[in-house]
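These numbers come from a predicted model, not from an experiment.
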Amino acid sequence: MEKQGPVKNGAEPCPATDRVSLLNCIDLSSSDIHQSVSLLKQACLDCGFFYVINHGISQEFMDEVFGMSKRFFELPLNEKMKLLRNEKHRGYTPVLDELLDPDNQVHVGDYKEGYYIGVEVPEGDPEAEKPFYGPNVWPAPDVLPGWRDTMERFHREALVSDTKGYFTVYSFLFSTIEIYLIYYLCAFREVAKAVARIIALALDLEVDFFDKPEMLGEPIATLRLLHYEGRVSDPVKGIYGAGAHSDFGLITLLATDDVLGLQICKDKDAKPQIWEYVAPVKGSFIVNLGDMLERWSNCIFKFGIRHYVAPRYKEVEKVIIAEYTTLSTSVVVVILLPLLVWSTLHRVLGNGRERYSIAYFVEPSHDCLVECLPTCKSEKNPPKFPPVKCGTYLCQRYKDTHADLNVYNKLQN
């Protein structure tokens, strides 16, 4: 048994468990930018995971959003299914909707449910035609009474910092709870931009390199509320809260409750693989740097890199239980996996306790060309990967890992 705390550089340690990863901790309020850059470089060369603290989002605010998330997931399934995710990946994702590790999750998907919230773009705006942009899907006020009262103190003017100004111009369209959630998304975005500036310096770029409009100036930014039911995972049987996967994009910020569950594997090719828990640290975000950064950095930031060509087609039998109709069915899903670059594998194991987390995925703009950075290539180290547009790449990755919406249409009919 490994007896080490889960965090370095100032944060309070959590109780030891079978194996807990020792991660760097970056203080975003620190004036010592050189130390922050050094800590991030170390984290990237190790596993691409680290904590950030003093990020400017209060614990009171976090607690309220977790409470709000719990109230949503406590709704009856038939109410949640009315908000089923759409083709823009907005709304509710049921248990088993996502299949992240088809090699090991042989018969079922993830034992988690989620709720996607993206960049709010009103219908009729030309930007709403792009993937991952458009109006969000919201619960009706009468379904969750009291939400608005709880959120009244968050004034609409708090949202004027959004780069496209939607919250100012269209604020009359949103309920108080909607504004509260979008405010939370904007606050997350500022934390992500702070992390991106440290990444830029670590790669010998200008500090504002990722602030450009075509990069994080107008990002694809997605907030996802997550709930893991109190099921005990069994890797031998392929039962996971979330199967082993790497994140698709640039930066993921993760807030969790105090229930242990997240694990990382620093060496994908080890036999057997060694999995380490990432312990929750109160008041922090767990930061995960994803596949796009590996492409951009030309594997300078390796994260235990591995890339391979998967079989062109892999048929996976998924069982989707539709409790709201007491109907169950077995569906064959065909998944096309292109040549992929994987950042650090991570997964979630259930231990019999319910677990809640909130993930914030920050990606470049749709038309951003992800290609080797000028500081990461040379004659002896040419680009390892072809350029790819961010929107194209993300659409394929989401398609690979989520159930076809037609499955739900068949169940409802």
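Side chains of Asp27 and Ser29: a donor-acceptor N/O pair is present below 3.5 angstrom, by distance only.
Of the possible polar contacts, one joining the Thr375 side chain to the Leu203 backbone as a donor-acceptor pair under 3.5 Å is found. Checking side-chain atoms of Ser30 against main-chain N and O of Asp32 turns up a donor-acceptor pair under 3.5 Å. Panel note: side chain Asn86, backbone Arg90; a donor-acceptor pair is recorded below 3.5 Å.
Heavy atoms from other residues, nucleotides or ligands lying under 6.0 Å from CD of Glu123 number 12 at most.
Rounded to the nearest 0.5 angstrom, Ile358 CD1 and Ser69 OG are separated by 5.5 Å.
Between His89 and His402, the ring planes lie perpendicular to each other; the angle is over 60°, past the 30° to 60° tilted range.
Contact of the Thr256 side chain with the Ile286 side chain is registered, since non-hydrogen atoms from C-beta on lie closer than 4.5 Å.
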Exercise for the section: Check the pair Arg347, Ser233 against side chain to side chain donor-acceptor pair (under 3.5 Å), reporting the backbone distance first and the verdict last. Expected result: CA-CA 11 Å; Arg347 67 187 187 185; Ser233 293; over 6 Å; no

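Within the 6.0 Å centre-distance limit, the rings of Tyr398 and Phe248 are counted as a close aromatic pair. A centroid separation of 6.0 Å or more is found between the aromatic rings of Trp296 and Phe209.
Of the charged side-chain nitrogens involved, at least one lies within less than 4.0 Å of a carboxylate oxygen, so that Asp211 and Arg197 count as a salt-bridged pair. Under a 4.0 Å N-O distance rule, the pair Lys130/Glu127 qualifies as a salt bridge.
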